[in-house]
Trainee: 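Dropping a structure here in structure tokens format, bear with me for questions.
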Amino acid sequence: MSEDTPTAPLPPCDLAIIGGGAGGVLVAMQALRQANGPLRIVMIEPRDVLAQGVAYATTHGEHVLNVPAARMSAFDDQPADFLDYVVATTPPGGPDRDTLAHAFIERRRYGDYLRVRLGEAIAASPATLQIVQDRVTELEPDAESATLRLEAHGALRAKGVVLAVGNTPKPLPARGAPQLPAGRSLAAWDFDAIKAIPADADLCIVGSGLSMVDTVLSLADNDHAGTIHVLSRHALLPLPHCHGPAATYDPAPLQAMGLRARMRFLRASAKQAVADGLPWQSVMERIRPHGQALWQSLSLPDQRRFLRHVVRQWDVHRHRIAPEVHARLQALLERGQLRLHRGRLDTVMAEGHRLRVSTHARDGRIDEFDVDYVVNATGVEMRAQTMRSPLLHDLLGKGHAQGGPHGIGLKAARDGRMVDAQGVSQPRVFILGSLRIGCVWESIAIPELRGQAETAVRGLFGPDAA
Ligand SMILES: Cc1cc2nc3c(=O)[nH]c(=O)nc-3n(C[C@H](O)[C@H](O)[C@H](O)COP(=O)(O)OP(=O)(O)OC[C@H]3O[C@@H](n4cnc5c(N)ncnc54)[C@H](O)[C@@H]3O)c2cc1C
């Protein structure tokens, strides 16, 4: 791996990877592994550490993966690779391999794993990888290559590009939020700031998904004594994983059904599973590998209905948490320290030394409470138009890309090639990760990212190259 020297102009490369989060690193590893001759790869990432992005940047041990170790390999063809790493790096006397396979490992160890495997791939490859600490602001594709513009390094020509810019947090959806006193309105992903919240502070976490869980765990680890209000439109909390045998029903017929029939089928299958002594979670496990096919076989109106009426219920059943984490949340709820509010955030205003939070319930009722901090745990921005990314605005503005279905992310062909405003696939530019949610739905977790990384590299340099 060659390091970046800030003043040097960048020589052209074979592959430019925009973004050095987990997705970008998976692409780099695929390119290094698949190369059978010299190949110059450049990865552009503004952060000074690779493979972090938002998910794996946490340094705190209470933030664990939401998938068991046995299912987090970086490579489809070596499904036990992460587990092997965890076993090899667990101190003697620790849990055995079988226990670790089902364990929810600290997220910081996943970032370490990717960096270790990246180093090994570099050492074993005839290709070279240059890391450039910078941000890409423009991308101009043509039939044979593309030109990138970087904030500090100027232009870079690349024969192939993978766009792996990942997760962008949503701003706090409240009037008054931009005027709040500094340090009182925190992002759930600012893990160190959350950790520094005084133990007696009252706070309101906006959003009740996995980022809320991270925040509550950090507070609980600090023996937090203040009240933790959690506000969301639906007041649904993530449900727990349950380790057990897989359900045996056949999910294939689901693809021919409309949304209502699918939901009926899933509810009936879950009921049947429980009657058969299996956890309901086994039904979700069974359809997990079919997530993309299920989304793509829904009609556009049914996809819209799903986004409007079903998505929240879907999320809490699909994006589950470790059983022990779920138990900690339940204990806090039962103690009354964690208070769940169903409503829409309206305003947050400074009121003396405190913040006044006003919320609107569905029935029109207005609820108000005072806190010391407000935490934005509303999750990932899915609309490319609203992401604060000059690169995405440039791509859309110039018609090199078009918005994805339902305005989510960007439109990509089935193989992941970016599609321009005229509907033509860009032969040398692939998209990976959350920008493809509108097209494929399941597109942010490691099992999808590793597959997309492999397909992109094959599409650019392998037998499928355009
Ligand atoms: C809190 C959290 C927990 C999660 N836990 C799990 C889990 O347990 N298991 C699982 O499978 N998945 C999990 N996920 C899903 C997770 O999103 C993926 O696993 C993975 O981190 C996504 O990687 P990415 O590279 O696509 O995006 P990111 O990690 O967001 O990385 C994108 C990178 O692109 C860079 N970038 C952005 N714009 C530019 C630009 N213009 N130029 C250059 N660089 C740019 C950013 O700096 C960033 O480093 C979690 C996600 C979150 C948010």
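Heavy atoms only: backbone and side chains are in, while hydrogens, waters and symmetry mates are out. Atoms within a ligand are numbered from 1 in the order they appear, just like the ligands themselves.
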Trainee: Write out the residue and atom name of the closest protein heavy atom to atom 41 (N) of ligand 1, then the distance separating them to 0.1 Å.
Mentor: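 Of every protein heavy atom, Val136 O, 2.9 Å lies nearest to atom 41 (N) of ligand 1.
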Trainee: Counting heavy atoms only, which of Leu26, Val49, Asn66 comes nearest to atom 5 (N) of ligand 1?
Mentor: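 Comparing heavy atoms across Leu26, Val49, Asn66, the nearest one to atom 5 (N) of ligand 1 lies in Asn66.
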Trainee: Check His63 against ligand 1 and report side chain, backbone, both or neither, counting heavy atoms closer than 4.0 Å.
Mentor: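 Under 4.0 Å from ligand 1, His63 contributes no heavy atoms.
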Trainee: For ligand 1, which atoms have a heavy atom of Gly21 less than 4.0 angstrom away?
Mentor: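 Matching atoms, with element in brackets: 25 (O), 31 (O), 33 (C), 49 (O).
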Trainee: Using a 4.0 Å cut-off to any heavy atom of Ile446, which atoms of ligand 1 qualify?
Mentor: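 Near Ile446, meaning under 4.0 Å from one of its heavy atoms, ligand 1 has 10 (C), 11 (O), 19 (O).
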Trainee: Hey, are Arg109 and Thr90 close enough side-chain-wise for a donor-acceptor pair under 3.5 Å?
Mentor: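 Thr90 vs Arg109: donor-acceptor pair found between side chains.
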Trainee: Does a side chain donor of either Asp96 or Thr99 reach within less than 3.5 Å of an acceptor in the other side chain?
Mentor: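 Yes, because at least one side-chain N or O of Asp96 sits under 3.5 Å from a partner of the opposite role on Thr99.
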Trainee: Name the closest protein heavy atom to atom 32 (C) of ligand 1, giving the residue it belongs to and the distance to 0.1 Å.
Mentor: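 The closest heavy atom on the protein side is Val165 O, 3.3 Å.
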Trainee: Considering residues at least two apart in sequence or located in another chain, which fulfil the side chain to side chain contact (heavy atoms under 4.5 Å, CB included) criterion with Val380?
Mentor: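 Val380 satisfies side chain to side chain contact (heavy atoms under 4.5 Å, CB included) with Asn167, Trp189 once adjacent residues are dropped.
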Trainee: List every atom of ligand 1 that sits less than 4.0 Å from any heavy atom of Ile444, numbering the atoms from 1 in the order shown and giving each element.
Mentor: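 The list of qualifying atoms is 15 (C), 16 (C), 17 (O), 18 (C), 19 (O).
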Trainee: Near Val67, which atoms of ligand 1 are under 4.0 Å from a heavy atom of that residue?
Mentor: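 With Val67 as reference, the close atoms of ligand 1 come out as 9 (N).
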Trainee: At a non-hydrogen distance cut-off of under 4.0 Å, which region of Val25 contacts ligand 1 (side chain, backbone, both, or neither)?
Mentor: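 For Val25, there is no contact with ligand 1 at all, from either part.
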Trainee: If you measure from each heavy atom of Trp189 to ligand 1, is any distance below 4.0 Å?
Mentor: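 Trp189 counts as a contact of ligand 1 under the 4.0 Å cut-off.
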Trainee: How far is atom 52 (C) of ligand 1 from the closest protein heavy atom, and which atom is that?
Mentor: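 Scanning the protein heavy atoms, the shortest distance from atom 52 (C) of ligand 1 goes to Ala55 CB, 3.6 Å.
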Trainee: Do me a favour and list the nearest non-hydrogen protein atom to atom 23 (O) of ligand 1 with residue, atom name and distance?
Mentor: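 Result: Gly23 N, 3.6 Å.
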Trainee: Suppose we measure from atom 22 (C) of ligand 1 to each protein heavy atom; which comes out shortest, and what is that distance?
Mentor: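 Protein heavy atom at minimum distance: Leu449 CD1, 3.6 Å.
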Trainee: For ligand 1, note which part of Tyr56 has a heavy atom under 4.0 Å away: side chain, backbone, both or neither.
Mentor: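 The side chain, only.
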Trainee: Before giving the answer on side-chain hydrogen bond (donor to acceptor under 3.5 Å, both in side chains), spell out for Gln303 and His406 the whole-Å C-alpha distance, their side-chain angles and the decisive distance to 0.1 Å.
Mentor: CA-CA 9 Å; Gln303 288 183 351; His406 317 289; 2.7 Å; yes
Trainee: Does Pro46 have a non-hydrogen atom less than 4.0 Å from ligand 1?
Mentor: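 In this structure, Pro46 qualifies as a contact of ligand 1 - some heavy atom is under 4.0 Å.
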Trainee: Mind checking whether His319 and Trp314 have ring centres under 6.0 Å apart?
Mentor: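 For His319 and Trp314, the ring centres are not under 6.0 Å apart.
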Trainee: Could you list which atoms of ligand 1 come closer than 4.0 Å to a heavy atom of Arg47?
Mentor: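 Ligand 1 atoms under the 4.0 Å threshold to Arg47: 49 (O).
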Trainee: Among all protein non-hydrogen atoms, which one is nearest to atom 46 (C) of ligand 1, and what is the separation to 0.1 Å?
Mentor: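 Minimum-distance protein heavy atom for atom 46 (C) of ligand 1 reads Glu45 OE1, 3.5 Å.
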Trainee: List ligand 1 atoms under 4.0 Å from Val54, heavy atoms only on the residue side.
Mentor: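 Near Val54, the atoms of ligand 1 are 29 (O).
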Trainee: May I ask you to identify the nearest protein heavy atom to atom 30 (O) of ligand 1, giving residue, atom name and distance to one decimal place in Å?
Mentor: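 Nearest neighbour among protein heavy atoms for atom 30 (O) of ligand 1, to 0.1 Å: Asn167 N, 2.9 Å.
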Trainee: Could you tell me the residue and atom name of the protein heavy atom closest to atom 27 (O) of ligand 1, and the distance to it rounded to 0.1 Å?
Mentor: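 Atom 27 (O) of ligand 1 sits closest to the protein heavy atom Gly166 CA, 3.2 Å.
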Trainee: Whether the side chain of Glu138 engages the backbone of Asp394 through a donor-acceptor N/O pair (distance < 3.5 Å, no angle test) should be reported.
Mentor: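 It does not hold such a pair.
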Trainee: Looking only at heavy atoms, what is the nearest atom pair of Glu285 and Arg320, with distance?
Mentor: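 Scanning both residues, the minimum pair turns out to be OE2-NH2, 2.5 Å.
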Trainee: Taking the non-hydrogen atoms of Ile44, is any one of them nearer than 4.0 angstrom to ligand 1?
Mentor: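 True for this residue.
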Trainee: Evaluate side-chain hydrogen bond (donor to acceptor under 3.5 Å, both in side chains) for Gln130 paired with Arg40, printing each intermediate quantity in order.
Mentor: CA-CA 8 Å; Gln130 180 182 7; Arg40 181 171 139 69; 3.0 Å; yes
Trainee: What atoms of ligand 1 come closer than 4.0 angstrom to any heavy atom of Ala22?
Mentor: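 It comes down to these atoms of ligand 1: 20 (C), 21 (O), 23 (O), 25 (O).
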Trainee: Kindly assign one of parallel, tilted or perpendicular to the pair Phe82 and Tyr110, based on the angle between their ring planes and the thresholds 30° and 60°.
Mentor: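 Judged by the thresholds at 30° and 60°, the geometry between Phe82 and Tyr110 is perpendicular.
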Trainee: Say whether Tyr85 and Asp112, considering side chains only, have a donor N or O and an acceptor N or O under 3.5 Å apart.
Mentor: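 Looking only at side-chain atoms, Asp112 and Tyr85 do not form any donor-acceptor pair under 3.5 Å.
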Trainee: Whether Arg33 engages the ring of Phe75 as a cation-pi pair (distance to the six-membered ring centre under 6.0 angstrom, angle to the ring normal within 45°) should be assessed.
Mentor: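 Arg33 over Phe75 ring: yes.
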Trainee: Enumerate the atoms of ligand 1 whose separation from the nearest heavy atom of Leu65 is less than 4.0 angstrom.
Mentor: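 That gives atoms 8 (O) of ligand 1.
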Trainee: Report yes or no: is the cationic atom of Arg417 (NZ for Lys, CZ for Arg) closer than 6.0 Å to the six-membered ring centre of Phe430, at no more than 45° off its axis?
Mentor: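 Arg417 over Phe430 ring: no.
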Trainee: More than 12 heavy atoms of other residues, nucleotides or ligands under 6.0 Å from CZ of Arg97: is that the case?
Mentor: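 Yes, because the 6.0 Å sphere around CZ of Arg97 holds more than 12 heavy atoms from other groups.
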Trainee: Classify the ring geometry of Phe306 against Trp441: parallel below 30°, tilted from 30° to 60°, perpendicular beyond 60°.
Mentor: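 Phe306 vs Trp441 ring planes: perpendicular.
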Trainee: Report the part of Ala164 in contact with ligand 1, treating N, CA, C, O as backbone and CB onward as side chain, heavy atoms under 4.0 Å; options are side chain, backbone, both, neither.
Mentor: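 Backbone only; the side chain of Ala164 stays clear of ligand 1.
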